[in-house]
There are 2 protein chains.
Amino acid sequence: MWKPRGVDRTSVILQQLRSDGTRITAARRALVTALVDADGHHVTADDLVETVHRSIPAVHRSTVYRTLEALEQAGVVEHVHLGHGRAVYHLSDDRHHHLVCERCGAVVEVPEAVVAPLREQLAVGYGFVVNGRHFALPGVCRACAALIPAD
Amino acid sequence: MWKPRGVDRTSVILQQLRSDGTRITAARRALVTALVDADGHHVTADDLVETVHRSIPAVHRSTVYRTLEALEQAGVVEHVHLGHGRAVYHLSDDRHHHLVCERCGAVVEVPEAVVAPLREQLAVGYGFVVNGRHFALPGVCRACAALIPAD
DNA sequence: ATAATTGCAAAGTCTTTGCAGTTTG
DNA sequence: CAAACTGCAAAGACTTTGCAATTAT
């Protein structure tokens with residue numbers, strides 16, 4: 001299976017943005033690169049700011065937020081809330097979900113396929129189309145369950 | 001677990017708290033009542049503040065937050081984040097989940113049973129115990145799906 | 001009595017916004 | 001060049017915290 005290199009994917013995305021009329025700036029290039037490099041891992045806006053700063057320290061937090069919003073509107077990026085306020089961002093084509101441990105904060109990633117049956121049942125029974133890309137379920141991870149057997 | 005008949009739910013909960021060593025105050029009584037009255041509906045901290053104020057206007061927001069924290073520690077209350085920051089609170093024995101429409105904000109409630117199979121699969125396959133009580137899935141509700149067929 | 005609880009005000013976190021200057025296409 | 005984008009600073013939503021006064025047990 002062929003896996004596109006980070007640079008390739010970045011330019012594909014930038015290309016797509018440009019064709020939408022959005023302008024490509026150094027900040028945006030850096031942010032998209034940061035998202036591509038994150039590659040399926042959950043990153044907060046803060047993480048992204050930090051990463052972007054490694055190449056362009058001048059980029060302001062607000063620019064990151066605004067660009068994320070633009071990317072989201074363009075359908076390139078999505079975000080979920082992993083409890084307690086802060087959101088995590090990811091490219092739209094990373095199809096997996098999050099199990100967030102309420103005790104230690106660990107994040108377990110689960111492929112889409114596992115969730116597909118529930119998705120179908122909700123669609124049929126409730127007319128509700130679960131976000132195809134990404135969501136988070138709270139719970140207790142294996143390690144914590146082992147440490148604290150009963151609640 | 002025993003379900004109260006003649007005795008109202010509020011006093012049962014307050015009783016339980018008192019036996020935990022927590023002190024019962026007017027503010028706490030009002031808050032528990034507000035939670036009981038919400039009865040399975042999603043309420044934000046703000047909703048609760050407002051409700052509590054209807055009987056005791058003097059109760060401060062911070063008291064509500066602190067009491068909610070205490071109630072959560074006592075296992076009486078839990079909260080979930082329905083996207084974008086604000087959390088919703090509910091009594092721990094209300095077993096249902098939320099489907100939150102990303103377009104109109106509607107919240108569809110789904111009984112635990114629907115989710116049970118996924119829960120089991122995640123437990124077996126990932127050692128992850130999904131929160132037994134409450135979580136939220138983002139998506140698009142029936143009405144919005146009808147309005148905006150394709151994305 | 002005495003430790004828990006409260007109100008208040010202030011701070012903290014995460015995110016958004018108005019504006020004037022800069023850059024892209 | 002015009003429209004889009006940016007940094008900055010300030011505000012906004014939601015929640016937490018330090019403290020002295022109050023209150024339940």
Side-chain angles (χ1 to χ4, degrees), chain A residues 11 14-32 34 42-53 55-74 76-89 100 105 136, chain B residues 11 13-32 34 42-53 55-74 76-89 105 136:
Chain A
S11 13
L14 290 173
Q15 181 74 275
Q16 178 189 330
L17 286 178
R18 196 160 29 219
S19 72
D20 283 359
T22 356
R23 291 181 182 177
I24 305 307
T25 65
R28 291 181 169 198
R29 222 183 297 274
L31 179 55
V32 171
H42 58 294
V43 281
T44 63
D46 222 57
D47 294 334
L48 290 167
V49 169
E50 203 181 316
T51 304
V52 166
H53 276 185
S55 50
I56 318 176
V59 174
H60 197 271
R61 313 177 59 72
S62 63
T63 299
V64 169
Y65 278 109
R66 275 188 285 223
T67 303
L68 283 170
E69 197 188 351
L71 292 175
E72 221 160 342
Q73 280 214 327
V76 169
V77 154
E78 293 180 24
H79 77 275
V80 225
H81 294 271
L82 298 186
H84 206 74
R86 60 205 182 291
V88 299
Y89 295 82
V100 185
Chain B
S11 13
I13 291 172
L14 290 173
Q15 181 73 272
Q16 177 189 331
L17 286 178
R18 195 161 26 217
S19 71
D20 282 0
T22 1
R23 291 179 183 178
I24 305 307
T25 65
R28 290 181 171 196
R29 220 183 299 273
L31 179 55
V32 171
H42 57 295
V43 281
T44 63
D46 223 56
D47 294 333
L48 291 167
V49 168
E50 202 181 316
T51 304
V52 167
H53 276 185
S55 50
I56 317 175
V59 174
H60 197 271
R61 314 178 59 72
S62 62
T63 299
V64 169
Y65 278 107
R66 276 189 284 225
T67 303
L68 283 170
E69 198 189 350
L71 291 176
E72 222 159 343
Q73 281 214 326
V76 169
V77 154
E78 294 180 23
H79 77 276
V80 226
H81 294 272
L82 299 186
H84 205 73
R86 60 205 179 291
V88 299
Y89 296 81

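Chain A is the first sequence line, chain B the second, and so forth, proteins listed ahead of strands; every chain is numbered from 1.
- Considering only side-chain N and O atoms, A:Thr25 lies nowhere under 4.0 angstrom from the phosphate OP1 or OP2 of D:dA4.
- A:Arg18 has its CZ atom 17 Å from the P atom of D:dA4, to the nearest Å.
- Among the atoms of the strands shown, only primed sugar atoms or phosphate atoms (P, OP1, OP2) are found under 4.0 Å from some heavy atom of B:Ala45.
- Atom-to-atom, CZ of A:Arg86 to P of D:dC14 comes out at 17 Å; the value is rounded to the nearest Å.
- Of the two residues near DNA chain D, B:Tyr89 and A:Gly21, the one whose nearest nucleotide lies more 5' is A:Gly21.
- Rounded to whole Å, the distance from CD on A:Gln15 to C1' on C:dG25 is 14 Å.
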(message) Using the rule given for side chain to side chain contact (heavy atoms under 4.5 Å, CB included), can you reason through A:Gln16 versus A:Val76, listing the C-alpha separation, both sets of side-chain angles and the distance that settles it, and then say yes or no?
(response) CA-CA 9 Å; A:Gln16 178 189 330; A:Val76 169; 3.7 Å; yes
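- Per the geometry, CZ belonging to B:Arg61 stands 16 Å off P belonging to D:dT17, to the nearest Å.
- Note on A:Thr67: a side-chain N or O is less than 4.0 Å away from OP1 or OP2 of D:dT6.
- Here the P atom of nucleotide D:dT15 and the CG atom of B:Asp46 are 8 Å apart, to the nearest Å.
- At whole-Å resolution of the value, CG in A:Leu48 and P in C:dT15 are 11 Å apart.
- With hydrogens and angles left out, the side chain of A:Arg23 and the base of D:dA3 share a donor-acceptor pair within 3.5 Å.
- Heavy atoms from other residues, nucleotides or ligands lying under 6.0 Å from CD of A:Glu50 number 12 at most.
- Closest to the side chain of B:Ile24, out of D:dC14, C:dT15, D:dT25, is D:dT25.
- Projected onto DNA chain D by closest heavy-atom contact, A:Ala26 and B:Ala26 fall at different nucleotides, the more 5' of which corresponds to A:Ala26.
- For A:Ser62 and B:Arg28, each mapped to the nucleotide of DNA chain C holding its nearest heavy atom, the one lying further toward the 5' end belongs to B:Arg28.
- The CG-P distance, from B:Leu17 to C:dA4, rounds to 15 Å in whole Å.
- The two atoms that bring A:Tyr89 and A:Leu48 nearest to each other are CB-CD1, 4.2 Å, heavy atoms only.
- In this structure, the separation between CZ on A:Arg66 and CZ on A:Arg28 is 9.5 Å, given to the nearest 0.5 Å.
- Here the P atom of nucleotide C:dT17 and the CD atom of A:Glu69 are 7 Å apart, to the nearest Å.
- Between C:dT15 and A:Tyr65, a contact under 4.0 Å exists linking OP1 or OP2 to a side-chain N or O.
- The listed nucleotides are C:dA9, C:dT5, D:dC5; the one nearest the side chain of B:His60 is C:dA9.
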(request) Take B:Val43 and B:Val88 through the test side chain to side chain contact (heavy atoms under 4.5 Å, CB included) and record every step on the way to the result. (result) CA-CA 5 Å; B:Val43 281; B:Val88 299; 5.9 Å; no
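- Contact annotation: side chain of B:Arg66 to base of D:dG18, donor-acceptor pair present below 3.5 Å.
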